[in-house]
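First up is the structure itself, then whatever we jot down about it.
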Amino acid sequence: MDSPTRTWGLHRVSVLGAVALLVLAWMQEVYADAPLILAVHPYQKYSTLMRKYTPLAGYLSEALRREVVVRIGRDYQDHVAYIGKNRVDIAIMGPVSYVTTVAQYGAKPILARFEINGRPLFQGAIIVRQDSTLGNLSALRGKRFAFGDRASTMSHLVPRFMLSEAGVDVYDLADYQFLGSHDNVALAVLAGDFDAGAVKEEVFYNYQERGLKAIAFTPALSEHLFVARSDLDPEDIQTLRDALYSLGDSERGRAIMRGIKKTMTGMAPAKDADYDNLRGILRTLDDQGVR
Amino acid sequence: MTKATAMRVKRFSPWAGLGVLVVLLFIGALGLLELQLERMLEDYDEHAQDDIELIGFLVHDALQQQDYDRIDSLLKEWGKRRMHTHGIRLTTANGFVLGEFRRQEPARDALYLSKKIPYSYKGLATLELIKDRRTVHAGLERLRLELILGALVIGLVLWRLVTLSMWQREKAEALRVQTEKLDRANARLQDVADEIYHMRSYLKNILDSMPSILVGVNDMGCVTQWNVSAEKATNMTADEAMGRHFVDLFPWAKSLAGGLLEAMRTGRPVHAERMVTREDDELRYSDVMIYPLVASGTHGVVVRVDDITERVQIEQMMVQTEKMMTVGGLAAGMAHEINNPLSGVLQSCQNILRRLSPELEANQAVARSLDLDLRRMGRFLEERGILGFLAAIRDAAERASRIVADMLSFSRRGTREFEPVSAVDMLEGVVRLASSDYDLKKKYDFKRIDIVREYDQNLGPVPCDHTEIEQVLLNLIKNAAQAMFGYGAQRPARIVLRTAKVDGFARIEVEDNGPGMEEKTLQRVFEPFFTTKPPGVGTGLGLSVSYFIVAEQHKGTFSVNSTPGQGTCFVIRLPLNIIP
């Protein structure tokens with residue numbers, strides 16, 4: 001005769017088995033299709049980026065009822081190529097990358113753009129030491145200038161454009177260096193190794209109290225953005241948009257965003273035209289042979 | 001300072017010396033530590049210089065690469081990881097602090113170093129390093145602390161040892177005092193034990209000195225005390241007897257078992273008189289008294305057994321003597337009664353003989369008147385032996401008369417007057433009596449015995465109580481006769497009677513050639529109730545009474561010597577000059 005424990009054990013197993021089957025079925029239904037790839041450009045360490053973006057991927061999977069996986073690109077070129085060639089489903093791009101991709105591969109559906117500190121736009125600053133006598137860009141002629149990364153929008157490309165607009169070509173500078181990072185630029189200027197530098201505004205603000213002032217600000221550019229491959233299901237595109245827009249509505253969403261960027265407050269809609277000003281700058285720089 | 005204290009100090013001082021030594025060592029160690037500190041600080045400073053060199057190298061490298069960002073994190077990492085780095089700072093030529101690390105807590109002993117870092121053409125940056133030599137101090141402090149602790153521990157240990165040794169000494173002292181006390185107590189106990197032993201011995205002596213058999217019996221009927229008399233009587237030592245049943249050890253006392261119980265139960269003594277035992281074919285009488293022990297806690301009895309055989313025998317003898325005296329009295333009376341008819345017989349005999357004699361005138365006259373020839377009648381009487389018969393009658397009557405006279409004189413209880421009596425007369429009278437002794441159990445024929453007389457003419461009358469001396473002599477002669485009877489010797493039985501006068505003593509000897517006596521018997525011959533005769537023959541009193549008579553009453557001596565197989569000789573010596 002079976003003991004009560006044994007009967008109950010069997011009962012449990014059978015219930016769990018049924019539940020498991022149901023879940024599997026549901027998962028199958030949900031993840032019946034192949035996962036979507038969320039491509040992130042390698043602007044930080046691989047592990048850091050994975051950590052930052054995996055929660056978002058999960059969030060989007062739930063929204064889509066379809067698995068979303070994070071992939072980190074090898075380099076910027078690859079990143080651009082992949083989304084350009086629709087090899088990935090969703091991609092996070094910097095403004096310049098976006099413009100470049102569109103120019104090269106055609107339009108891509110924009111899902112959303114970052115909202116930083118409530119603004120979907122960002123700026124850069126030309127910085128000098130507090131005690132500097134330099135007051136405007138043209139005064140920078142014959143001075144030493146620090147850029148950040150060569151590919152950087154706000155610590156190279158746009159400031160360079162601004163300099164040229166102000167009539168200061170790099171060759172007019174006493175010296176110019178690419179210091180690699182915004183922080184480096186700020187520090188270099190502060191250290192007195194350079195008379196001026198170009199950093200994104202948040203960096204400027206970070207180091208401002210240590211003795212920096214800005215002599216010029218760049219035009220406001222549209223923030224980083226999420227794009228989808230051009231042939232993604234419109235329904236999915238909408239779903240994704242909605243999901244991204246509603247990130248700021250929940251604590252979970254906000255936490256996900258904070259994980260990506262502390263200052264990210266939400267996702268805002270965007271359109272291609274938002275990037276026209278950048279597009280113009282880049283065209284000019286291309287003409288100058290800078291890029 | 002009392003002597004005790006002085007002693008303590010003396011005992012203490014080696015330890016104190018050691019303590020002082022330890023303190024000095026400790027002070028010395030501390031001094032050394034101070035020196036060490038100096039040296040260590042110097043060392044430290046050198047290393048600090050190395051540190052700043054290294055930092056400077058790294059900073060220089062970063063500056064070269066224009067990796068300003070890295071510098072701050074570099075300095076911070078360095079500072080974080082180096083506990084003794086209190087602060088690092090890199091200041092560019094224009095006074096801008098490119099990188100800084102600072103510890104919150106204030107430096108204890110700050111060492112300040114600075115170094116100029118050149119980088120390309122841009123001038124010199126200043127690298128400042130503040131190291132906290134706290135670690136050195138900390139290390140030394142720790143060492144000092146350890147030293148103090150160690151010293152403390154050592155001090156404690158020493159102290160412990162000191163107190164321990166003192167404590168041990170005290171303990172030893174206490175132990176010694178205790179031991180002394182114990183020894184004294186022990187000695188007292190020993191004394192008590194000795195006393196007990198002596199008491200016990202004394203008690204035993206008391207018990208053993210008692211001629212009575214004293215046996216302690218417990219309520220189980222087993223022996224708990226056994227004195228020497230009991231040992232002798234039963235041939236069993238106290239060890240053998242202890243614990244055994246009383247009735248087992250005294251078989252004749254089986255009937256006493258009830259008596260034992262009764263005594264114990266009632267608490268009153270039980271007396272068993274005249275218990276008869278038989279030992280070595282000898283009848284012995286015992287008086288048994290059972291005393292219950294009434295002391296607290298003890299149950300049992302003490303059994304006292306006295307051998308009263310002698311007393312009984314004396315009693316019997318006294319009774320016998322009484323009888324004898326009665327008999328004597330009777331005899332005396334009888335003798336008188338017999339004497340009369342006897343004298344009648346004698347008289348008549350005499351008369352007959354006289355009246356038959358032809359010589360007598362009266363007889364002749366009567367014969368003529370009857371026309372009787374006396375001579376012819378005489379011849380008839382002779383031939384028919386009638387005269388002989390008449391003579392025999394006369395002799396017999398005379399003899400009987402003499403016996404009676406002797407007996408009368410013998411049985412007369414003399415007034416104990418000493419009269420000079422002829423020894424020869426006494427001896428002859430005794431011989432006559434002995435030869436006519438009408439012992440009912442006549443076992444011997446006295447007449448067969450050869451009597452030899454060796455009388456000394458020089459011996460005059462002997463002052464004595466002749467009745468008593470005759471009694472003695474009779475006893476001796478009868479003994480001799482009895483001894484020789486049945487001896488079966490080849491030679492004829494012979495008794496030699498001697499008298500002599502020796503040194504103011506009358507010496508009378510009665511010697512026989514009988515079996516003689518062995519030394520063992522000789523020793524006991526004068527013992528009352530000792531006899532070698534078969535039971536019923538003789539009381540064994542004769543010789544002892546004789547001895548008494550001779551020695552005590554006559555102040556003489558009585559001795560015997562004997563050779564087994566040859567004979568015995570009894571010698572009586574009576575003083576001649578005794579004052580009666």
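We name chains A, B, ... by the order of the sequence lines, and we start the count at 1 in each one. Just so it is clear, the structure is predicted and the values come from calculations on it, not from any experiment.
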At a 4.5 Å cut-off on heavy atoms, which part of A/Arg129 comes close to chain B: side chain, backbone, both, or neither?
side chain
Side-chain donor or acceptor of B/Asp69 paired with backbone N/O of A/Asn184 under 3.5 Å
no
Begin from the C-alpha positions of A/Leu190 and B/Tyr68 and carry the test side-chain contact (heavy atoms from CB on, under 4.5 Å) through to its verdict.
CA-CA 10 Å; A/Leu190 281 166; B/Tyr68 306 90; over 6 Å; no
Look at atom [atom1] of [X] and say whether more than 12 heavy atoms of other residues, nucleotides or ligands are closer to it than 6.0 Å.
X	atom1	value
A/Arg210	CZ	yes
B/Phe57	CZ	no
A/Glu209	CD	no
A/Arg119	CZ	yes

On a heavy-atom basis, the closest approach of A/Ala191 and B/Asn94 is O-OD1, 2.9 Å
With a 4.5 Å cut-off on side-chain heavy atoms, are A/Val189 and B/Phe96 touching?
no
Partners meeting side chain to side chain donor-acceptor pair (under 3.5 Å) with A/Asp183 (sequence neighbours left out)
A/Tyr207
